[in-house]
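Okay, structure first, notes after.
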Number of protein chains: 2
Amino acid sequence: MGKGEETRQAILEQAIALASEVGVSGLSIGALADKAGMSKSGLFAHFGSKEEMQLAVLRAAQERFAEFAFKPALKERRGLPRLRALMTNWLNWTEKARLPGACPLNSAANEFDDQPGPVRDAVAAGLADGRRMLANAVRLAVEAGDLREDTDVDQFVFELVGIELAAMQSQRLFRDKQAIPRALGAFERLVRDHQPSRKE
Amino acid sequence: MGKGEETRQAILEQAIALASEVGVSGLSIGALADKAGMSKSGLFAHFGSKEEMQLAVLRAAQERFAEFAFKPALKERRGLPRLRALMTNWLNWTEKARLPGACPLNSAANEFDDQPGPVRDAVAAGLADGRRMLANAVRLAVEAGDLREDTDVDQFVFELVGIELAAMQSQRLFRDKQAIPRALGAFERLVRDHQPSRKE
DNA sequence: GGCTTTTTAGCACGAACGTTCGTATTCTGT
DNA sequence: ACAGAATACGAACGTTCGTGCTAAAAAGCC
């Protein structure tokens, strides 16, 4: 890895942290350059445009999510254990990744949902990826016999997303310490409602 | 109502619309002045500072929410009917209010959750108000016998919030036409899980 | 160690930002 | 209709925005 890629990676690390606080659209080149300890134009040269920088930050954040939330959950057995791990990791991956703020993807989803363009597309693609990953885990849980055969996978994922979003709002806006317990409670209720009948 | 208050109200109407698209923090005085058809300084004089303008927009948006989502639901019978009305109104009040974008309060929640200050406080207070209103409706449903006596009201509200947020993300980011049906499905499952036992 | 390529800094640009001020216009009460 | 107050405007402020251009410094290669 040459010097260029090295500093680019360092920039992106600072960028993810800053974006978690001020959002991807609030991320300015000047502020980021200050934080990274380099000149505005020097940093700018790595991306060529602000939009390209935003896309790079989104990609980098997604990689972090995969590293801290997705990959660790693969160590669990397919089915309910893995789904539960996915959910708990998802709820606290920003802390694990030592981000000072919220998940950049989620913030960006709110900032760009009415701003057509490549950034919006990237955000949508990233979150769709997350939903697909969840859907897969749910499907595996059905196949493993941990959830009922007639489980509506997309509906199940929809409700998982809701739990996650409610937890983030409770935790970040209201500083509610019960956010995670509430989320886990909702998750367990969801699972209970989809438990296969006793007699196999 | 003097001329001053009149144009102030007109400004705020444009402001809510614009904020629903670009967010409360993305709302710039110049852009808003253009949209309102007046000069930057003339508009500015109505508020004295950008922060004061943001606070005014948040208050105005909250009033709109009360008008389009909360008040109409009061016509329904206390208990499950009113709660259901509250939920469905909440899911589509931005359309009823003819906003081109998302709920400004919800967007602002994501933008300001890491930006301490009066705006953050106002957003938190506004959304806390919404949760309180929901909690009240849930309590009334318990008292009316529509929900089980041992219902955990705060947990119930948490899950309602989750349903709402998931629906908004599905609808606004993914343009998923099934967002509302999914939300209603989740709501009914939540209600079913808290139904009082058959034998009174 | 010199040469080429890559990476960084410095400087300048036009535009937009929030804000101030003095002046013009428009309302309002009599 | 007129005086006084309320409201709106235009110009300018200092800053920051994203983005070029050019030159210096650093890194990589023979």
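The chains referred to below are lettered A, B, ... by the order of the sequence lines, with proteins before strands, and numbering in each begins at 1.
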Please determine whether the number of non-hydrogen atoms from other residues, nucleotides or ligands lying under 6.0 Å from atom NZ of A:K35 exceeds 12.
yes
Among all residues two or more places apart in sequence or in another chain, which pass the side chain to side chain contact (heavy atoms under 4.5 Å, CB included) test with A:D152?
A:D154, A:Q155, B:R182
Could you give the CG-to-P distance, from B:D34 to D:dG10, as a whole number of Å?
12 Å
Between CD of B:E5 and P of C:dC27 the distance, given in whole Å, is 17 Å
Going by modelled atom types, is there a donor-acceptor pair between the base of C:dG10 and the side chain of A:S41 at under 3.5 Å?
yes
Tell me which pairs pass salt bridge (Lys or Arg N to Asp or Glu O under 4.0 Å) where either residue lies in residues 94-108 of chain B, with sequence neighbours left out.
none
Rounded to whole Å, how long is the line connecting atom CG of A:L43 with atom C1' of C:dT7?
12 Å
Between the side chain of A:E111 and the main-chain N/O of A:S25, is any donor-acceptor distance below 3.5 Å?
yes
Interatomic distance, A:L32 CG vs C:dT8 P [rounded to whole Å]:
13 Å
Could you list the donor-acceptor pairs under 3.5 angstrom formed by side chains in residues 162-174 of chain B, with sequence neighbours left out?
{"unit_1": "B:Q169", "atom_1": "OE1", "unit_2": "A:R131", "atom_2": "NH2", "d": "3.2"}
{"unit_1": "B:S170", "atom_1": "OG", "unit_2": "A:R131", "atom_2": "NH1", "d": "3.1"}
{"unit_1": "B:S170", "atom_1": "OG", "unit_2": "A:R131", "atom_2": "NH2", "d": "3.1"}
{"unit_1": "B:S170", "atom_1": "OG", "unit_2": "B:A166", "atom_2": "O", "d": "2.9"}
{"unit_1": "B:R172", "atom_1": "NH2", "unit_2": "A:D114", "atom_2": "OD1", "d": "2.8"}
{"unit_1": "B:R172", "atom_1": "NH2", "unit_2": "A:D114", "atom_2": "OD2", "d": "3.1"}

Rounded to the nearest angstrom, tell me the gap between atom CZ in A:R8 and atom P in C:dT6.
16 Å
Please identify each residue that fulfils side chain to side chain contact (heavy atoms under 4.5 Å, CB included) with A:Q115, with sequence neighbours left out.
A:F112, B:V22
Measure the distance from CD on B:E6 to C1' on C:dT28 and round it to the nearest whole Å.
14 Å
Strictly by ring-ring contact (aromatic ring centres under 6.0 Å, His included), give each pair with a member in residues 122-168 of chain B just once, sequence neighbours left out.
B:F156-B:H194
Nucleotides 13-17 of chain D: which of its N/O atoms have a protein N/O under 3.5 Å away?
{"unit_1": "D:dC17", "atom_1": "OP1", "unit_2": "A:S28", "atom_2": "OG", "d": "2.6"}

Just the dot-bracket of DNA chain C, please: which string comes out with Watson-Crick or G-U pairs under 3.5 Å, [ ] for crossing, | for another strand?
||||||.|||||||||||||||||||.|||
Does D:dA6 have OP1 or OP2 sitting under 4.0 Å from an N or O in the side chain of B:H46?
no
Sequence neighbours left out, what passes side chain to side chain contact (heavy atoms under 4.5 Å, CB included) with B:A122? Give chain and number order.
B:L55, B:L58
Pair up each side-chain donor or acceptor in residues 37-48 of chain A with any protein partner under 3.5 Å, not counting sequence neighbours, and list the distances.
{"unit_1": "A:S39", "atom_1": "OG", "unit_2": "A:G42", "atom_2": "N", "d": "3.0"}
{"unit_1": "A:H46", "atom_1": "NE2", "unit_2": "A:T7", "atom_2": "OG1", "d": "3.4"}

Students often get this wrong, so: under 4.0 angstrom with heavy atoms, is A:A45 touching a base, only sugar-phosphate, or nothing?
base
Looking only at the side chain of A:M38 (C-beta and beyond, no hydrogens), which of the listed nucleotides D:dA8, D:dG18, C:dA9 gets closest?
C:dA9
Scan residues 11-22 of chain A against DNA chain C and write down, sorted by residue number, each residue with any heavy atom closer than 4.0 Å; if none is found, say none.
none
Residues that A:R78 engages under side chain to side chain donor-acceptor pair (under 3.5 Å), provided they are two or more places apart
none
For A:R132, the side chain to side chain contact (heavy atoms under 4.5 Å, CB included) test, sequence neighbours excluded, returns A:A128, A:D129
